[in-house]
Amino acid sequence: MVKDPRKPRGKMSSYAYFVQTCREEHKKKHPDATVNFSEFSKKCSERWKSMTPKEKGKFEDMAKQDKVRYEREMKNYVPPKGEKKKRFKDPNAPKRPPSAFFIFCGDYRPKIKGENPGLSIGDIAKKLGEMWNSSSAEVKQPYEKKAAKLKEKYDKDIAVYRTKGIAGLSKKAPGEEEDDGEDDDEEDDEDEEDEDDE
């Protein structure tokens with residue numbers, strides 16, 4: 001797929017700004033030297049980890065300013081026909097409820113982490129998946145009941161939210177596909193699960 005040259009440049013993270021600064025410093029000190037990318041990245045990463053929050057502050061400010069710039073430019077950006085514009089996600093929208101499995105994970109993850117402190121996030125997730133799959137219907141039932149209750153509440157909340165038409169959800173352009181964003185929210189739930197593991 002060809003990249004649209006009119007599309008605003010993506011927003012940069014505070015770490016990306018830091019690496020950019022390191023690269024500029026390196027170029028000034030060693031203008032003719034070729035850079036070993038993996039070695040350079042490793043050094044940047046180590047340096048970033050040892051920095052104080054105050055030292056990181058200026059890079060975080062740069063990232064915040066860039067985020068504002070990006071959001072402002074994206075508001076005015078119209079993607080070429082056939083390309084879907086990324087839908088604005090309203091922070092006030094009701095949050096999708098976790099599945100029975102995610103509720104189960106919430107209960108058992110600390111136990112697995114405690115018993116196996118060296119396990120990676122992926123290995124913990126794998127173990128939780130195996131535990132869930134081998135659990136009996138009686139063990140799963142309370143989690144499924146809780147998930148069903150949360151889903152019921154979510155369905156009511158989302159119906160109220162949509163009837164209010166917040167963030168122009170009901171103001172669709174003619175011929176525009178209806179996208180309730182439920183897939184996006186599911187991905188967010190999974191992302192949050194991963195963040196909990198870290």
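For the single chain, residues carry numbers from 1 onward in sequence order. Given the structure is predicted, the values throughout are model-derived calculations rather than measurements.
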For R9 and R69: C-alpha separation, side-chain torsions, deciding distance, then whether side-chain contact (heavy atoms from CB on, under 4.5 Å) applies. CA-CA 9 Å; R9 177 178 55 82; R69 184 265 324 151; 3.5 Å; yes
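A salt bridge does not link E130 to K126: none of the charged side-chain nitrogens sits closer than 4.0 Å to a carboxylate oxygen. A salt bridge is absent between K127 and D123: the closest approach of a Lys/Arg side-chain nitrogen to an acidic carboxylate oxygen does not fall below 4.0 angstrom. Between K64 and E71 no salt bridge is recorded (no basic side-chain N to carboxylate O distance below 4.0 Å).
Atom CG of D32 sits about 12.0 Å away from atom NZ of K27, to the nearest 0.5 Å. Rounding to the nearest 0.5 Å places CD of E152 at 11.0 Å from CG of D157. Here the straight-line distance linking atom CG of L128 with atom OH of Y108 works out to 10.5 Å at 0.5 Å rounding. Residue R23 holds its CZ atom at 8.0 Å from OG of S41, rounded to the nearest 0.5 Å. If you take CZ on F104 and OG on S99, they are separated by 11.5 Å, rounding to the nearest 0.5 Å.
Of all non-hydrogen atoms in P110 and G106, the two that sit nearest each other are CD-O, 3.5 Å. Here the closest non-hydrogen pair linking D66 and K11 is OD2-CA, 3.2 Å. Across A63 and S14, no two heavy atoms sit closer than the pair CB-N, 3.5 Å. Scanning all heavy atoms of the two residues, the minimum distance from A147 to P98 falls at CB-O, 4.0 Å. In plain terms, the two heavy atoms of Y17 and M62 that are nearest each other are CD2-CE, 3.5 Å. Considering all non-hydrogen atoms of both residues, R47 and C22 come closest at NH1-SG, 3.6 Å.
Using the six-membered ring where Trp is involved, H26 and H30 have ring planes that are tilted, between 30° and 60° apart.
For the side chain to side chain contact (heavy atoms under 4.5 Å, CB included) criterion with F59, the lone passing option out of M51, Q20, M12 is M51.
F18 has its side chain out of reach of K56: every pair of non-hydrogen atoms, C-beta onward, lies at least 4.5 Å apart. Side-chain contact between Y15 and C44: present, with at least one pair of heavy atoms (C-beta onward) separated by less than 4.5 Å. With contacts defined as side-chain heavy-atom distances shorter than 4.5 Å, the pair M131/I112 qualifies. Y143 is not listed as a side-chain neighbour of F101, based on a closest heavy-atom distance of 4.5 Å or more. Under the 4.5 Å side-chain criterion, counting only non-hydrogen atoms from C-beta, I103 is in contact with L150.
Side-chain contact, N133 with S135: no donor N or O sits under 3.5 Å from an acceptor N or O.
With E46 contributing its side chain and K43 its backbone, the two residues share no donor-acceptor pair below 3.5 Å.
Within a 6.0 Å radius of NZ in K146, no more than 12 heavy atoms belonging to other residues, nucleotides or ligands are found.
Note on F102: it does not cluster hydrophobically with V139, by side-chain heavy-atom contacts below 4.5 Å among ILVMFWY residues.
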